[in-house]
Amino acid sequence: MAKVEMTVNGKSVSGEVEGRTLLVEFIRGKLELTGTHVGCDTSQCGACLVHVNGQAVKSCTMFAAEAEGAEVTTIEGITGKDGSLTAVQQAFQDYHGLQCGFCTPGMVMSATALLKDNPKPSEAEIREYLKGNICRCTGYHNIVKAIMAASGQDVGAIAAE
Amino acid sequence: MYNFDVVTPKTVADAVAALGEEDAQALGGGQTLIPTLKQRLASPSKLVSLTGIDEIKGIRTDESGTLCIGGGTTHGTIAGEGSAYPALAALAGNIGDPAVRNRGTIGGSLANNDPSACYPAAVLASGATIVTNTREIAADDYFQGMFTTALEEAEIITEVRFPVPEKAYYQKFEQPASRFSLVGVFVAKYADGVRVAVTGASNDGVFRWTEAETALSSNFSADALDGLAASADDMIADMHGSAAYRAHLIGVLTKRAVAAAG
Ligand SMILES: Cc1cc2nc3c(=O)[nH]c(=O)nc-3n(C[C@H](O)[C@H](O)[C@H](O)COP(=O)(O)OP(=O)(O)OC[C@H]3O[C@@H](n4cnc5c(N)ncnc54)[C@H](O)[C@@H]3O)c2cc1C
Ligand code: FES
Ligand code: FES
């Protein structure tokens, strides 16, 4: 066991971890932030996606020890202090970008990372960016629509399909 | 996973010292190694993380115009900052998905030498040089068959040096589930000739298709490949494609790569 310290959602946290403890295990198990999901555990589905030093990362494929000193943001950390939703979260609600909701934390974190780099992505760019986020329910259509809407773009063209 | 310790040295020298211990193994971005550990296909006692070593990260162009990429540079950085070699930047930008590209590194991919990985094709077609903590290895000597390379125990890839071609293109035919290449062909045209490297197809891993190189060196056009066929001997055959299918794809993808390179 070794001690690891990092900043999660703006708060500094620490804990004893084994070398093999995954970042997602630390987040869910030690910090009890269970918004971050584990869908596959094999780096395919993106349900575990969080931001590490501002970059999208699959937390099932990174060790907690590797996040020493890092700034980590999970789905719990993006909402306002009063619980208000971000534009991306609100758009997911408005455009029915979720059904069961299992993939949603990863989708929202992925979309948030995309819009930071590319504030007005095209539909094709959104679909390309979400390659590593798998959803079994929605067929992706409304997720793409929500992200177009969150970036202030017209969703009419997608709605017509 | 079996348990192990993780250490995070800040210099190549400290990493090499840590790797000198019995059963220690390097950890790059972990995008291949962590899944392998989860399947208990590897059981190191210590992982030496290379992600804290700044001296093996980043991209520069040297006096002779060669593009030098640190072994610990991520696919995402190469995609974003490798514009001096557009075909290579495009290859990096099409590996896996954005989260994989934010962690995975060129050194990790080349050390692993997966028979379907993308960078081996770029390195071999570019006649690149693999630089380690102890020596420089020419691409033609580096790849030694599936998952096998010239690297010794505890040797770290510190840099990869790419001579920048006049024209180049990487044509990947994606296996849709894994997003690796079912077959991928990298064509690079230099003043002194054309090199063609094929990944995803052979049981021996990445290889040069020399007949196509000869034809393209005298006439760099897709037509120059008419009548040429790659041999299906020793091609990978699995549920995704037969040996004959892969051999056929090599011809088709090489033509497309040449046409796209312009
Ligand atoms: C969903 C998904 C899709 C993918 N799609 C593709 C794809 O389309 N094309 C493709 O090419 N790859 C693909 N990959 C693999 C990806 O590119 C990996 O990042 C890469 O193969 C390994 O790099 P890494 O830095 O993550 O290395 P690690 O997983 O950390 O290590 C891999 C091996 O290399 C060794 N190693 C690591 N760094 C060094 C170094 N600097 N010097 C010496 N040895 C070192 C390790 O000891 C280990 O044996 C995909 C991976 C995933 C999860
Ligand atoms: S749980 Fe991490 S990618 Fe699926
Ligand atoms: S909403 Fe159910 S998996 Fe995406």
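Side chains included, hydrogens not; waters and symmetry mates left out as well; all remaining heavy atoms used. Here is the naming used below: chain letters follow the sequence lines, and residue numbers restart at 1 for every chain.
A:Leu22 touches chain B through its side chain: at least one heavy atom from C-beta onward sits under 4.5 Å away, while N, CA, C and O do not. Of the two parts of A:Asp41, the backbone and the side chain both hold a non-hydrogen atom closer than 4.5 Å to a non-hydrogen atom of chain B. Within the 4.5 angstrom heavy-atom criterion, only side-chain atoms of A:Glu66, from C-beta onward, approach chain B. For chain A, the nearby part of B:Leu37 is the side chain; its heavy atoms alone come within less than 4.5 Å.
Ranked by heavy-atom pairs under 4.5 Å with chain A, the list B:Val100, B:Asp5, B:Thr51, B:Leu27 is led by B:Leu27. Each of B:Asp97, B:Asn102, B:Asn3, B:Val6 has some count of heavy-atom pairs under 4.5 Å with chain A, and the biggest count is that of B:Asn3.
Closest of all the heavy-atom pairs between A:Gln44 and B:Ala177 is OE1-O, 4.3 Å. Contact record, B:Pro35 with A:Thr61: CD-CG2, 4.2 Å, taken as the closest heavy-atom pair. Of all heavy-atom pairs spanning A:Arg20 and B:Tyr2, the tightest one is NH1-C, 3.7 Å. Summarising the geometry of B:Arg179 relative to A:Lys131, their closest heavy-atom pair is NH1-O, 3.3 Å, with the distance given to 0.1 Å.
Taking CG of B:Leu33 as the start and CZ of A:Phe63 as the end, the distance is 7.0 Å to the nearest 0.5 Å. Taken from CD in B:Gln31 to NZ in A:Lys58, the straight-line distance is 7.5 Å, to the nearest 0.5 Å.
Under a cut-off of 6.0 angstrom, the local environment of CZ in A:Arg136 is sparse, with at most 12 non-hydrogen atoms contributed by other residues, nucleotides or ligands. Heavy-atom contacts from other residues, nucleotides or ligands closer than 6.0 Å to OH of B:Tyr142 number more than 12. Annotation: A:Glu16, atom CD; neighbour count of heavy atoms from other residues, nucleotides and ligands within 6.0 Å is above 12. Residue A:Lys3 places its NZ atom among 12 or fewer non-hydrogen atoms of other residues, nucleotides or ligands, all under 6.0 Å distant.
Side-chain atoms of A:Thr42 and B:Lys38, non-hydrogen and from C-beta on, never get closer than 4.5 Å to each other.
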